[in-house]
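So the structure is just underneath, and the comments pick up after that.
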Amino acid sequence: MLTKISLLIMRIGTGGLLVVWGLVRVVGEKGVGLADKYYSGVGSNEMLQLAYGYAEIALGILVILGVMRKYTLIGSAVILVGGAIPIWRHFLDPFGEYLHEDANILFFPSLTVAGAALALIALRKHDTLALDRLFGKKG
């Protein structure tokens with residue numbers, strides 16, 4: 001039972017993070033600034049940020065509910081692992097002592113989130129509290 005509950009919590013956490021970041025892009029309109037500051041301006045177009053934000057919100061909701069997990073968990077992992085890669089220096093030097101001066105210790109949990117997204121894919125068959133599993137689909 002602990003495995004089922006743990007996987008549910010990981011789905012809620014990773015999917016919830018996608019929803020929050022989607023809302024930041026859509027409602028907060030901060031996506032352009034984030035793309036410029038942390039991702040070298042990749043995707044900093046305002047319309048692209050809105051579309052990406054809505055897609056993140058939809059994907060996050062599907063992940064939380066456990067619907068179409070065969071596809072949604074991969075999409076989630078692509079976003080969460082892909083978002084962690086450019087900030088690798090914050091994992092290796094969270095206090096900014098050696099690799100960079102603008103360290104942000106709040107980025108460090110992104111490593112855990114990326115691992116959780118990958119674990120959800122690896123342990124999908126054990127995630128029996130997902131809606132697609134409850135309704136008879138193997139997800």
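Residue numbers count from 1 along this sequence. All values below come from the heavy atoms of this structure, side chains included, with hydrogens, waters and symmetry mates left out.
The side chain to side chain contact (heavy atoms under 4.5 Å, CB included) with L73 is formed by just one residue from the set L120, L123, T14; it is L120.
Put simply, the side chain of L80 does not reach to within 4.5 Å of the side chain of L118, judged on heavy atoms. For the pair V67 and F135, the minimum side-chain heavy-atom distance is 4.5 Å or more. Within the 4.5 Å cutoff, side-chain heavy atoms of M47 are placed close to those of L50.
When all heavy atoms are compared, the tightest approach of A84 to F91 is O-CE1, 3.4 Å. Closest of all the heavy-atom pairs between L59 and G75 is CD2-C, 3.7 Å. Considering all non-hydrogen atoms of both residues, K4 and L129 come closest at O-CD1, 3.8 Å. When every heavy atom of S76 is checked against every heavy atom of L18, the shortest pair comes out as OG-CD1, 3.7 Å. Minimum interatomic distance between I87 and S110 (heavy atoms only, all atoms of both residues): CD1-OG, 3.9 Å.
Residues Y54 and L62 share a single hydrophobic cluster, defined by chaining ILVMFWY side chains whose heavy atoms lie under 4.5 Å apart. Under the 4.5 Å side-chain heavy-atom criterion for grouping Ile, Leu, Val, Met, Phe, Trp and Tyr, V27 is connected to I61 within one hydrophobic cluster. A single hydrophobic cluster is seen to contain both Y52 and I74, as judged by linkage of ILVMFWY side chains at heavy-atom distances under 4.5 Å, directly or through other members. Both I121 and M10 sit in one connected hydrophobic cluster of ILVMFWY residues. Membership requires side-chain heavy atoms under 4.5 Å apart, directly or through other members. Tracing side-chain contacts under 4.5 Å through hydrophobic residues (I, L, V, M, F, W, Y), one never reaches V113 starting from V81; they form parts of separate clusters.
Between atom CG of residue L7 and atom NZ of residue K125 there is a gap of 12.0 Å, rounded to the nearest 0.5 Å. Distance check: L17 CG to E56 CD gives 8.0 Å after rounding to the nearest 0.5 Å. Atoms OG1 and CG, from T128 and L134 in turn, are 7.5 Å apart once rounded to the nearest 0.5 Å. Taking CZ of R69 as the start and CG of D132 as the end, the distance is 4.0 Å to the nearest 0.5 Å. Atoms CG and CD1, from L65 and I12 in turn, are 9.5 Å apart once rounded to the nearest 0.5 Å. With rounding to the nearest 0.5 Å, the separation of OG1 in T3 from CD1 in I5 is 9.5 Å.
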